[in-house]
Amino acid sequence: MSSAAVLTRNQNLPFQHCFFVFFFSQTHRPKLIFPAITLHFPSVFNCETMGSLSPSINPRLVLQANSYDPLSFRRVFGASLTGQPARPDMTAVCKRSRRIVYAKKNSDEDIANCDPEWKSKFKEDFEKRFNIPHISDFFPDAAPYPSTFCLSMRTPVNEEFAEGYPSDEEWYGYINNDDRVLLKVIRYSSRSSAGAECIDPDCSWVEQWIHRAGPREKIYFKPENVKAAIVTCGGLCPGLNDVIRQIVITLEIYGVKKIVGIPFGYRGFGKDIAEIPLSRKVVQNVHLSGGSLLGVSRGGPTLDEIDREINMLFVLGGNGTHAGANSIHNECIKRGLKVAVVGVPKTIDNDILHMDKTFGFDTAVEEAQRAINAAYIEAHSAYRGIGIVKLMGRSSGFIAMQASLASGQIDICLIPEVPFELHGSHGVLNHLNYLLKTKGSAVICVAEGAGQSFLEKTNAKDASGNVVLGDIGVHIQHEVKKYFKEMGNSADVKYIDPTYMIRACRANASDGILCTVLGQNAVHGAFAGYSGITVGICNNHYVYLPITEVISYPKIVDQNSRMWHRCLTSTGQPDFF
Ligand SMILES: Nc1ncnc2c1ncn2[C@@H]1O[C@H](COP(=O)(O)OP(=O)(O)OP(=O)(O)O)[C@@H](O)[C@H]1O
Ligand SMILES: O=P(O)(O)OC[C@H]1O[C@](O)(CO)[C@@H](O)[C@@H]1O
Ligand SMILES: [Mg+2]
């Protein structure tokens, strides 16, 4: 039975009625969501599933159940649906208590009955999903050695290990393989609590443990046999050089001598493209500038075309890059190659699941302040001045939201997750008119992925297959000018697009620290024998996550989260629809 089939069972009540009830209780914006859902979910949900359609439901489940545009889905639902993911193949609603039952698909009986054991089943399932793949899972003959990483001994790089690797039994600096970090630290008492992420309708608390990152006492690669490679993919991001530098330094501390960079992202895996030799000497000062020492790109060769003698691969990139890394990990297993593939999430958009933040994001927010402040000064100093700043964020408005919050100078923040109208009595333009009358000036911060429905679709895609977005900043500028001109009372509009200036910056201090820790942990993870994993920070602790879990869908701003509410409090903006 597919998850779609689970969802469509027992259609015994008119579904529109059900939607109405559900969304009035779940969101402040039933007006908007109601028609949009009607549009996108013609027959999938019914009352029997309503109990499970809580903010906890996983978009994957819905995406799988019904084919429709994921962007519209995100725009409509926001992240009120991005809470604790439920597994598409493991979820059903108990008919009697409306409790979600975690039962394996293909098991009608389990799904139909309430399962008092659902919590333990959920935990068990969660543990499996968040288990981090280890090379010994695929190569049972993989042998462990005592780690060469021990700060109290500081093994010289060029030492020969004829007598075996030195190990300091007394050093308590290693992470135990069974150490765990809590993924969720808030216990919500009800689904109506702001930003609640619930697994079941009662918002029951279930512990969700993920693996702690750091050096292990046993390693699965002999340093002298290692050839490690680093590749940076996708767009630029502050901190790439910091991570490269730290990976190289940590590899050398383990005793690795063969370290190379793959130039220009996955493209560098193409035939006849020379690797870049890396050493501490080469990377010593690279973090002092932005960009990537190795270069970046989108697109690249297919898996069949990749043929390198590498046994550790460090992949720095976003969702797309991680999908690629996971394919490489699987391909290595298929080819019988003992290779550790470890990701370091890189995206200023901050759209990677389960992480407090990704490196470069803090720097982007900080750098955006300069643009926002300039827009504010321009607007404030002009007669009827309006400043518009466009910030990056393809499908997630985190930079725009946080930059607006940080600046305190933004009157209107527009992000892809929250729909808005430009025209009409509830539109942005009408509010701008109000702001000009009451304040004399106004500043808008818009994320690049916002308002794409107002722009002509070109169907153009970049080399990675990402949709090429229209310029919402230019569009808003044009519409604002036109609106006030037609009104006969022009506004002085200044538009700033600092996007690439922000992305090319060097990392600030807090990102510098994050990059350093992530880079080190990536190397520890690879030496510990994990592959198909990525590193991250979760609730201020450093963790390893299986790539499959972090790429299930992009993280987006939850419009029912406290952070978005805080942003609205700060800007004072109304709903624009
Ligand atoms: N599903 C996929 N499977 C395999 N490789 C992929 C996949 N999606 C993207 N890639 C490859 O990963 C690399 C980076 O992808 P992409 O351009 O989407 O950037 P990204 O990693 O998502 O980072 P950014 O946040 O900058 O967009 C490209 O070389 C692309 O070809
Ligand atoms: O112009 P490029 O290099 O494709 O990058 C643009 C994209 O990069 C990102 O910053 C992600 O890295 C997105 O916000 C943006 O859409
Ligand atoms: Mg991407």
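Indexing begins at 1, ligand by ligand and atom by atom, following the structure's order.
Close contacts between ligand 1 and N466 involve ligand atoms 16 (P), 17 (O), 18 (O) [criterion: under 4.0 Å to a heavy atom]. Short contacts between ligand 1 and T347, defined as distances under 4.0 Å to a heavy atom of the residue, involve ligand atoms 25 (O). The distance from ligand 1 to the heavy atoms of G235 drops below 4.0 Å at these ligand atoms: 26 (O). Atoms of ligand 1 lying under 4.0 Å from at least one heavy atom of G318, given by number and element, are 20 (P), 21 (O), 22 (O), 23 (O). Within the listing of ligand 2, atoms 14 (O) sit less than 4.0 angstrom from a heavy atom of G393. Listed by number with element, the atoms of ligand 2 under 4.0 angstrom from any heavy atom of Y500 are 1 (O), 2 (P). The distance from ligand 2 to the heavy atoms of E448 drops below 4.0 Å at these ligand atoms: 13 (C), 14 (O), 15 (C), 16 (O). Annotation for ligand 2: atoms under 4.0 Å from non-hydrogen atoms of R503 are 2 (P), 3 (O), 5 (O), 6 (C), 7 (C), 8 (O), 9 (C), 10 (O), 12 (O). Which parts of ligand 1 touch G320 is read off a 4.0 Å heavy-atom cut-off, strictly below it: atoms 5 (N), 6 (C), 7 (C), 8 (N), 9 (C), 10 (N), 11 (C), 12 (O), 15 (O), 18 (O), 20 (P), 21 (O), 22 (O). Using a 4.0 Å cut-off to heavy atoms of K346, the atoms of ligand 1 that qualify are 23 (O), 24 (P), 25 (O), 26 (O). Under a 4.0 Å criterion applied to the non-hydrogen atoms of R394, ligand 2 contributes the atoms 7 (C), 14 (O), 16 (O).
For ligand 1, one of its N or O atoms has an N or O atom of G299 under 3.5 Å away. Below 3.5 Å of separation, one finds no N or O of H322 facing any N or O of ligand 1. Checking only distances, C233 never comes within under 3.5 Å of ligand 1, N or O to N or O.
Residues F264 and F269 are not in side-chain contact: their nearest non-hydrogen atoms beyond the backbone lie 4.5 Å or more apart. With a 4.5 Å cut-off on side-chain heavy atoms, H565 and N560 count as touching. S464 has its side chain out of reach of Y266: every pair of non-hydrogen atoms, C-beta onward, lies at least 4.5 Å apart. You'll find the side chain of T347 stays beyond 4.5 Å of the side chain of F359, heavy atoms only. Between P238 and N508, the closest side-chain pair of non-hydrogen atoms is not below 4.5 Å. Counting heavy atoms from C-beta outward, R308 and I262 have side chains that approach closer than 4.5 Å. Taking the side chain as every heavy atom from C-beta outward, V256 and F527 approach each other to under 4.5 Å.
Checked against the 6.0 Å centroid threshold, Y542 and H211 do not count as a close aromatic pair.
Residue, atom and distance of the protein heavy atom nearest to atom 14 (C) of ligand 1 are T321 OG1, 3.2 Å. Looking at atom 4 (C) of ligand 1, its nearest protein heavy atom turns out to be G324 CA, 3.4 Å. The protein heavy-atom contact nearest to atom 15 (O) of ligand 1 is S464 OG, 3.5 Å. The single protein non-hydrogen atom nearest to atom 13 (C) of ligand 1 is Y266 CD1, 3.7 Å, given as residue, atom name and distance. Ranking protein heavy atoms by distance to atom 27 (O) of ligand 1, first place goes to R298 NH1, 3.0 Å. Protein heavy atom nearest atom 4 (O) of ligand 2, with residue, atom name and distance: R298 NE, 3.1 Å. Given atom 10 (O) of ligand 2, the protein heavy atom at minimum distance is M392 SD, 2.9 Å.
Taking a 4.0 Å cut-off on heavy atoms, D349 registers as neighbouring ligand 2. Residue-ligand proximity: D349 is placed with every non-hydrogen atom at 4.0 Å or more from ligand 1.
Cation-pi geometry between K338 and F221 is met: the NZ or CZ atom falls under 6.0 Å from the ring centre, inside 45° of the normal.
Ring planes of Y544 and Y530: tilted class, angle from 30 to 60°.
Checked by atom type, the side-chain pair T499/D497 shows a donor-acceptor distance below 3.5 Å. Between the side chains of T302 and E305, at least one donor N or O lies within less than 3.5 Å of an accepting N or O. Using modelled atom types, one finds no donor on one side chain facing an acceptor on the other under 3.5 Å when comparing D349 with S396.
Every residue two or more places apart in sequence or in another chain that forms a side chain to side chain contact (heavy atoms under 4.5 Å, CB included) with P546 is listed here: F130, I132, P133, T548, E549.
Heavy-atom proximity to atom 2 (C) of ligand 1, evaluated over P345, S396, A323, is greatest for A323.
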